[in-house]
Student: 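Attaching a single structure in structure tokens format; questions to follow.
Order of the sequence lines sets the chain letters (A, B, ...), proteins ahead of strands, with each chain counted from 1.
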There are 2 protein chains.
Amino acid sequence: MALEHAILVSLLEQPGSGYELARRFDRSIGYFWTASHQQIYRVLGRMERDGWIEVREVRQDGRPDKKVYSVAAPGRSALSAWLAEPVEPESVRHSLAVKIRGAAFGDPAGLIAETERHRAVHAERLAHYLAGERRDFPDSALLDAGQELQHVVLRGGIAYERMTLAWLDDVLATLRRLGGADPDTH
Amino acid sequence: MALEHAILVSLLEQPGSGYELARRFDRSIGYFWTASHQQIYRVLGRMERDGWIEVREVRQDGRPDKKVYSVAAPGRSALSAWLAEPVEPESVRHSLAVKIRGAAFGDPAGLIAETERHRAVHAERLAHYLAGERRDFPDSALLDAGQELQHVVLRGGIAYERMTLAWLDDVLATLRRLGGADPDTH
DNA sequence: CTTGTCTATGCAACGAGTTGCATAGCAGGA
DNA sequence: TCCTGCTATGCAACTCGTTGCATAGACAAG
């Protein structure tokens with residue numbers, strides 16, 4: 001389980017409220033670990049109960065008050081312990097791949113629109129990542145260790161999206177070939 | 001949710017028992033959708049109850065009897081319906097990426113061994129996929145639609161592992177640079 | 001003779017993740 | 001004026017996925 005640890009990393013980079021964390025999980029952290037706000041609030045409650053994080057209530061005018069969380073000493077220890085222990089490499093889960101193999105028993109051509117939709121989503125993600133890279137890591141800037149590490153993770157996201165786009169093009173070519181060469185599978 | 005549909009696809013390709021399905025989910029199907037045998041048996045029970053699949057008890061000597069499942073008409077309809085409806089593109093979940101960003105608050109050099117371990121796992125997966133490709137899809141063989149679709153999914157797995165290996169090399173170079181250039185972050 | 005592995009099925013408990021809903025003030029547009 | 005959207009927090013119910021355990025015969029290695 002890594003949501004607690006992802007939250008610790010995010011709060012170490014910058015303390016924040018549950019709502020702010022949820023937005024980060026739609027952005028930078030979410031590039032490699034997703035979470036909904038309900039999940040975040042629940043885990044924040046448990047982490048506070050366990051003394052991993054501390055909360056400070058912040059009054060705001062014009063908008064609701066918020067609870068700003070920051071990492072306490074036990075949280076730092078928990079993160080260090082987790083960093084030292086091995087985790088198993090994740091396996092992929094692609095329902096689109098299930099669909100592609102399932103198309104052998106249905107309509108290959110019917111999957112083209114769906115594949116194109118996925119392609120558009122990944123193209124958008126890639127553009128988003130590249131914009132973030134240009135913004136946060138301009139050419140030959142001097143970076144500290146934390147920024148270097150953030151950059152190499154972002155490069156991973158970029159490589160993933162580029163690979164996925166190339167593969168989806170391969171999938172589209174295959175589906176079109178099957179649909180064209182074998183038009184009786186309507 | 002796609003486990004039911006992954007099972008339908010697998011049973012359409014070849015009927016089999018829960019145990020046989022579990023082994024397939026360690027192999028070909030597992031390249032893009034993983035499942036444990038406990039999960040498979042539970043879902044098979046539900047699918048049988050819903051009439052999606054049919055079971056046939058097969059006596060065996062020298063080993064325990066087994067229940068061979070095959071897809072019934074309602075299961076085929078359910079698969080067709082699912083193929084026609086859109087699914088959201090999955091987001092990635094990489095605890096290693098969480099660790100890499102967390103290393104900014106710990107010991108970057110300490111992650112090198114862990115990263116190398118992940119690299120070895122992915123190198124092995126790539127070798128396994130490539131062996132499967134050579135075995136099942138030799139040069140310029142004439143393939144039917146189902147095989148073409150299986151091949152394009154396998155090519156996706158190969159592309160994913162190659163991309164991951166290249167990225168992990170990038171990560172290793174970055175971690176070594178930080179460990180060497182900044183040795184006071186012990 | 002014992003230990004371990006393979007085939008084959010499954011339950012029970014727990015933790016992780018999703019979906020739906022609720023509250024509540026403020027801002028901006030139709 | 002009403003409706004939408006943003007900030008901000010959270011509960012409840014449900015499904016999905018993992019972990020641990022249990023059974024049981026066959027076979028091979030030590």
Student: Taking five pairs at each end, how big is the angle between the two axes of the helix from C:dC1-D:dG30 to C:dA30-D:dT1, to 10°?
Tutor: 20°
Student: Under 4.0 Å from OP1 or OP2 of D:dT7: is there any side-chain N or O of A:Tyr19 that close?
Tutor: yes
Student: Parallel, tilted or perpendicular: which describes the rings of B:His128 and B:Tyr31, with under 30° parallel and over 60° perpendicular?
Tutor: perpendicular
Student: Which class fits the ring pair A:His5 and A:Trp52: parallel under 30°, tilted 30 to 60°, perpendicular over 60°?
Tutor: tilted
Student: Take the protein atom CD of A:Glu90 and the nucleotide atom P of D:dT18, then report the distance between them rounded to whole Å.
Tutor: 11 Å
Student: If the cut-off is 4.0 Å, is A:Gln60 near the phosphate of D:dA8, judged by side-chain N/O to OP1 or OP2?
Tutor: yes
Student: Using heavy-atom distances to pick each residue's nearest nucleotide on DNA chain C, tell me which of B:Arg63 and B:Arg93 is more 5'.
Tutor: B:Arg63
Student: Rounded to the Å, how far apart are A:Asp65 CG and D:dG10 C1'?
Tutor: 15 Å
Student: Closer than 4.0 angstrom, basic N to acidic O: yes or no for B:Arg117 and A:Glu88?
Tutor: yes
Student: How long is the line joining CD of A:Glu20 and C1' of D:dT9, in whole Å?
Tutor: 13 Å
Student: Check whether any side-chain N or O of B:Ser17 sits under 4.0 Å from OP1 or OP2 of C:dT7, and answer yes or no.
Tutor: no
Student: Quickly work out the A:Asp50 CG to C:dG15 P distance and round it to whole Å.
Tutor: 12 Å
Student: Atom CD in B:Glu133, atom CG in B:Leu126: separation rounded to 0.5 Å?
Tutor: 10.0 Å
Student: Rounded to the Å, how far apart are B:Glu57 CD and C:dT9 C1'?
Tutor: 11 Å
Student: So, B:Lys67 and B:Glu48, do they make that salt bridge, N to O below 4.0 Å?
Tutor: no
Student: Could you check whether A:Glu13 pairs with A:Arg24 (Lys NZ or Arg NE/NH1/NH2 to Asp/Glu carboxylate O, under 4.0 Å)?
Tutor: no
Student: Looking only at side-chain atoms of A:Leu3, point me to the closest of D:dT19, C:dA24, C:dG17.
Tutor: C:dG17
Student: Can you tell me how far P of C:dG17 sits from CZ of A:Phe25, to the nearest Å?
Tutor: 11 Å
Student: Reckon A:Arg46 has a side-chain N or O less than 4.0 Å from the OP1 or OP2 of C:dA16?
Tutor: yes
Student: Side chains of A:Ser70 and A:Arg56: is there a donor and an acceptor less than 3.5 Å apart?
Tutor: no
Student: Would one find a side-chain N or O of A:Arg42 under 4.0 angstrom from OP1 or OP2 of C:dA16?
Tutor: no
Student: Is the distance from OP1 or OP2 of D:dG10 to the nearest side-chain N or O of A:Gln38 less than 4.0 Å?
Tutor: no
Student: C:dG10 phosphate, OP1 or OP2: any side-chain N/O from B:Tyr41 under 4.0 angstrom?
Tutor: no
Student: Rounded to whole angstroms, how far apart are CD on B:Gln39 and C1' on D:dG20?
Tutor: 16 Å
Student: Round to the nearest Å and state the distance from B:Ile40 atom CD1 to C:dT9 atom P.
Tutor: 11 Å
Student: Is any side-chain N of the basic residue among A:Arg176 and A:Glu116 closer than 4.0 Å to the acidic one's carboxylate O?
Tutor: yes
Student: Below the 4.0 Å mark, does D:dC6 have OP1 or OP2 next to a side-chain nitrogen or oxygen of A:Arg23?
Tutor: no
